[in-house]
Amino acid sequence: MLKKDDQVTIEIEDIGTDGAGIGKADGYTLFVKDAVIGDIIKAKVIKAKKTYGYARLMEIITPSKDRVEPVCPVARQCGGCQIQQMSYSAQLKYKQKLVRDNLARIGGITDCEVLPVIGMENPFNYRNKAQYPVGRNKDGKVVIGFYAGRTHSIVDYTQCAIGAPENAQILEKIRTFINENNISVYDEQSHKGLIRHILIRTGKHTGQIMVCLIINGKTLPHADKLADCLKDISGMSSIMININKERTNVILGSECSVIWGNSYIEDSICGIMFRISPLSFFQVNPVQTEKLYRKALEYAELTGNETVWDLYCGIGTISLLMATKARKVYGVEIVPQAIEDAKNNALRNSLNNAEFFVGKAEEVVPRIYDEDMKKAENEPVDSKESSGLSDSASFESVMRINPDVVVVDPPRKGCDETLLDTIVKMNPKRIVYVSCDSATLARDLKYLVANGYEIARVQPVDQFAHTVHVETVVLLSQLKQKPDDYINVTIELDDMDITSAETKATYDEIKKYVAEHNAGMKVSNLYISQVKRKCGIEVGKNLRVATRRMDCLQGNSTTAATDLELVPSPNLPKNEDSRQPQCPEDKESAIVEALKHFKMNS
């Protein structure tokens, strides 16, 4: 076994989730920061555990074909870009493998294709948001930059290769302001000093800039001088302070105030304009965000008639994009200011079919689901003219219970199981999962697959070039049946009194007949099954015959033997106590007429 300070020569065979190269010395695994797959290196052990250890890269003996010279001169010290020394094409392959490996290892998912990562044409200067810690070095000089990897030691560097080019000028002006006005800077150990971080946000399409100083106090001395030195920078629109007096690693506090300009900046995604405040969640890579969100919209398969839930909606970016194609969108977000921004963004874009709720998604969605179930159970659903839609609360309750699409875009920790359970109860046709962490994505997909969904597509998108992070958008579709939920039976048509008209009377055909003969009225599978029961037509308890198999039976007019799939119907109660909305009288009459037409009811 190796011990601390031992030096070894190893070949890097893989890369870990934190970007460290992985190699083996006589079977002993070493993690080496800044190493690239294919490198042959000399490394010095800095920490040795029983079965693995950590080593420092001492010398590159033979560089990998994928090794490049980092653009940033402090790339090795800074913790921001973990893999800038790897060619961009190799980064994309690594991220595709990372997603595939996590799905298999954590989710047990091996039967779906992970598509090649959608990359960038220019993977530099892409970030529209950066947060810079402020401190003093051993000599007492003000330092502004980024934390060194795995430390809170600040690397003093303002010309970040992935940040907006104008950030360096802004940071140097703030450094001068601090020095000239003797403003104190924050010290983590003593919890003293005023300026903790500098937040800069930029609008890719508008050119607007926001600067926000995070302070350990209530006011910023000489704030007017700060405004004077920043306001003439091209695009400057907002200069603010954010108050955070807590002893915490969380950067932003909850209270903001304006020094100069607006309390927000504006930018657009896919043609929709958004207002962005200091606390708003807004994707940091605007070029890739449009690719990501357009892929999510494509996966949602919206035609204009759908009800959509957007969970963890932030300021409504995905919600409003979906609202341009859907009947109704409901968004949920925990940050109150973000919800206010979402509502204002909807108004500014003349989108009146989006509604937003503030709170934790795992609390709000189950509560609304339970409330809507009670409403749907106790109130008849109205219909209105040819559209079949209604503004009644009962109608919207039913629509929210069983949406067509649910979109989730959670933080790195993924979705709470309570939320996933409610989504499964809602029984949407499609789930679009947008993930920033493929490990928690794999965990959540495992749950959804076990509860009746199949993975249709997995598309990674490189939102964070030169880092180990990758965004992934996944489409899940309802399974018509799960493997453990069906049995095989053989049926002889000669033994059955069944007419061709009856075999053709599928639920979809009954719906079509009702709509055509009742001014576009819409009825659900649940209502059809309830009326069939009332008419004495046999409806298997919690079972239905797959209609595509019935079509097979029609192929032989004399005797046909085939496997029929009997599967639990999502529209029938599993027990007598299940709460289901009851079919209104007008829709019941329309369904009865359809059953008579198909000779299923006399």
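Scope of the values below: all heavy atoms of this structure, side chains included, with no hydrogens, waters or symmetry mates. We count residues from 1, following the sequence as given.
Between Asn128 and Arg201, the closest side-chain pair of non-hydrogen atoms is not below 4.5 Å. Under the 4.5 Å side-chain criterion, counting only non-hydrogen atoms from C-beta, Leu297 is in contact with Lys325. When side chains are defined from C-beta on, Tyr369 counts as touching Met426, because their heavy atoms get closer than 4.5 Å. No side-chain heavy atom of Val523 sits under 4.5 Å from any side-chain heavy atom of Asn518.
Ion pairing between a basic and an acidic side chain is recognised when a charged N comes within 4.0 Å of a carboxylate O; Asp508 and Lys512 show no such pairing. Ion pairing of Arg294 with Glu298 is absent here, as no side-chain N (NZ or NE/NH1/NH2) approaches a carboxylate O to less than 4.0 Å. A salt bridge between Arg327 and Glu396 is present, with a side-chain N of the basic residue lying under 4.0 Å from a carboxylate O of the acidic one.
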Quick one: side chains of residues 310-318, donor-acceptor pairs under 3.5 Å with protein atoms, not counting sequence neighbours, listed by atom name and distance.
| from | atom 1 | to | atom 2 | distance (Å) |
| --- | --- | --- | --- | --- |
| Asp310 | OD2 | Ser319 | N | 3.0 |
| Asp310 | OD2 | Ser319 | OG | 2.5 |
| Thr317 | OG1 | Tyr293 | OH | 3.3 |

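Donor-acceptor pairing under 3.5 Å is recorded for the side chains of Asp341 and Gln337. Residues Thr418 and Asp416 bring a donor and an acceptor atom of their side chains to less than 3.5 Å of each other.
Of the possible donor and acceptor atoms, one in the side chain of Lys291 sits under 3.5 Å from a partner among the backbone N and O of Gly119. The backbone N or O of Ile209 lies less than 3.5 Å from no partner atom in the side chain of Thr202, so there is not a single donor-acceptor pair. The main-chain N or O of Ala300 is found under 3.5 Å from a side-chain atom of Arg430 such that the two form a donor-acceptor pair.
With Thr289 as reference, Gln463 is the one residue of Glu471, Gln463, Lys204 to meet the side chain to side chain donor-acceptor pair (under 3.5 Å) rule.
Looking at every heavy atom in both residues, Asn285 comes nearest to Tyr126 through ND2-CD1, 3.3 Å.
Classified by interplanar angle (parallel below 30°, tilted 30° to 60°, perpendicular above 60°), the ring pair Tyr513/His597 is parallel.
Both tests hold for Arg400 against Tyr330: distance to the six-membered ring centre under 6.0 Å, angle to the ring axis within 45°.
For the salt bridge (Lys or Arg N to Asp or Glu O under 4.0 Å) test, no residue two or more places apart in sequence or in another chain qualifies with Arg412.
Residue pairs meeting the side chain to side chain donor-acceptor pair (under 3.5 Å) criterion with at least one partner in residues 91-103, sequence neighbours excluded, are Gln91-His466, Lys95-Asp462, Lys97-Asp101, Asn102-Arg105, Asn102-Ser438.
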